[in-house]
Structures are given as C-alpha cells and as structure tokens.
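Each remark here refers to the structure printed beneath this line.
When a ligand or atom number is given, it counts from 1 through the structure's own listing order. The model shown is predicted, which means the values in this text are computed figures rather than measured ones.
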Amino acid sequence: MNIGVLSLQGNYFEHLKKIELLEFKSIKVKTKNDLFKCDGLIIPGGESTTMSKLLDYQDLRRSILDIKDKIHIMGVCAGMVLLSKTTKYNNLKTLSIMDFEVERNGWGRQINSFNKKIKLSFSAKKIMGTFIRAPKIISYNDRIECLAMIDNEPILLTDGRHLACSFHPEYSDNLSIYKYFLNLINSK
Ligand code: GLN
C-alpha cells in the first residue's frame, strides 16, 4: 500500500517519517503521476491559501477531485481546511471533499499555540494534540462522525472514507491516528 503525502508546502516531512515508521511505502506527492500511485493521501499542515494556489499551479486540484472517491485522504490543520467546504474566505478555494465548515485560526493565533491531551473515540490511550493556528469546526453534516473533542468542540472528523484533524498528530509518538487512517484504507 502506498501512502502519499502532498509535498508542495508545509509540514510534509514528519508525515513521511511516520508512514515509514509504520512500515508502509511513503510517496512525496508533487505531481499527478505521484498521486496516481497512492492508495491514501495526507494533506499536511502549512498554509491553506498557499497550498490551494499550488494545487492549481501543479494542476493537482482536478486530479485529487477525480480520485477522491477511490482513495482516502487525511487532512491535518491546513489540510483539514482544504478538505472542508468552507467558502467564506476570498483568497481560499477549498477542495470541498468533506461536508463541514471551519473558521481558520479558530483555536488562536501562532502565539496561542498549545498542546492538549485528547481522548480519541477509537483508542484507550490519549494522544497529545498540538494546535498551531488550528481551524475550528463551525458546522458539520450529520453523516459525518466526530471522533474527538476538546472543550465540547469537535476536532477530528470522518465521513467513513476521509479524515480531518485540527491538530498535528505528527508531533506525537502516539501513532493511533495514522493507524486509524491506514485501517480505513485497508478495510475498503
Ligand atoms: N491557519 C493555517 C491555515 O488556515 C493552518 C495552520 C497549520 O496548518 N498549522 O492555513
């Protein structure tokens, strides 16, 4: 199984390391040809506006939309923003792959970055979540399942195929979220 990490901008390197740690083949995705080799794709944290522009520049937006129902995508932080159907920012065109909306930087500015222990619905062990200018989920469709919350706010969502995470699992030694994503791919 090949797991791609969108490697146009942002924190892709740490995800590639995690995939390798779990003994899956990792692929740096910069072109359509890279993408078409993948069973799963991670869209990392970074800057959603920049990544959105680079998706068009590299002609990857259409290719991702073409295969979104065949592969599985995990969006982290800026990647979560891109998976959402948020329309309120003029400088940002999301992929609209999952039916939820976010407020960018809703968990605070860079200076308000924080770590918090998080209970995941599918794991007994808590994970330390790192929130850096993280998006806050403001609404989601009732077909979407919430897998974790803090302060009564959803922070991890799945529609059964894709996964969207507000915080950065790549900074934790706990691999539960990657395992959950890899299971989603394996079970289809
Ligand atoms: N606030 C950033 C954005 O909306 C995301 C920050 C991050 O990925 N750590 O693009």
Which residues satisfy the side chain to side chain donor-acceptor pair (under 3.5 Å) test with Ser26, sequence neighbours excluded?
-> Glu20
Test side chain to side chain donor-acceptor pair (under 3.5 Å) applied to Asp99 - qualifying residues, sequence neighbours left out | Lys85, Asn141
Quick check: are there more than 12 heavy atoms from other residues, nucleotides or ligands sitting under 6.0 Å from NZ of Lys88?
-> yes
Residue Asp59 excluded, over 12 heavy atoms near CG under 6.0 Å | yes
May I ask you to list the residues sharing a hydrophobic cluster with Tyr171, side-chain cutoff 4.5 Å, ordered by chain and number?
-> Ile132
Write none if no such pair exists; otherwise list each N/O atom of ligand 1 with its protein N/O partner under 3.5 Å and the distance.
{"residue": "ligand 1", "atom": "1 (N)", "partner": "Asn105", "partner atom": "OD1", "Å": "2.4"}
{"residue": "ligand 1", "atom": "1 (N)", "partner": "Arg133", "partner atom": "O", "Å": "2.9"}
{"residue": "ligand 1", "atom": "4 (O)", "partner": "Ser48", "partner atom": "OG", "Å": "3.2"}
{"residue": "ligand 1", "atom": "4 (O)", "partner": "Arg104", "partner atom": "NE", "Å": "2.8"}
{"residue": "ligand 1", "atom": "4 (O)", "partner": "Arg104", "partner atom": "NH2", "Å": "3.2"}
{"residue": "ligand 1", "atom": "8 (O)", "partner": "Gly46", "partner atom": "N", "Å": "2.9"}
{"residue": "ligand 1", "atom": "8 (O)", "partner": "Gly46", "partner atom": "O", "Å": "3.2"}
{"residue": "ligand 1", "atom": "8 (O)", "partner": "Ala78", "partner atom": "N", "Å": "3.1"}
{"residue": "ligand 1", "atom": "9 (N)", "partner": "Ile132", "partner atom": "O", "Å": "2.9"}
{"residue": "ligand 1", "atom": "9 (N)", "partner": "His168", "partner atom": "NE2", "Å": "3.0"}
{"residue": "ligand 1", "atom": "10 (O)", "partner": "Ser48", "partner atom": "N", "Å": "2.6"}
{"residue": "ligand 1", "atom": "10 (O)", "partner": "Ser48", "partner atom": "OG", "Å": "2.7"}
{"residue": "ligand 1", "atom": "10 (O)", "partner": "Arg104", "partner atom": "NH2", "Å": "3.3"}

With distance as the sole criterion, is a donor-acceptor pair present between the side chains of Asp34 and Thr31 under 3.5 Å?
-> yes
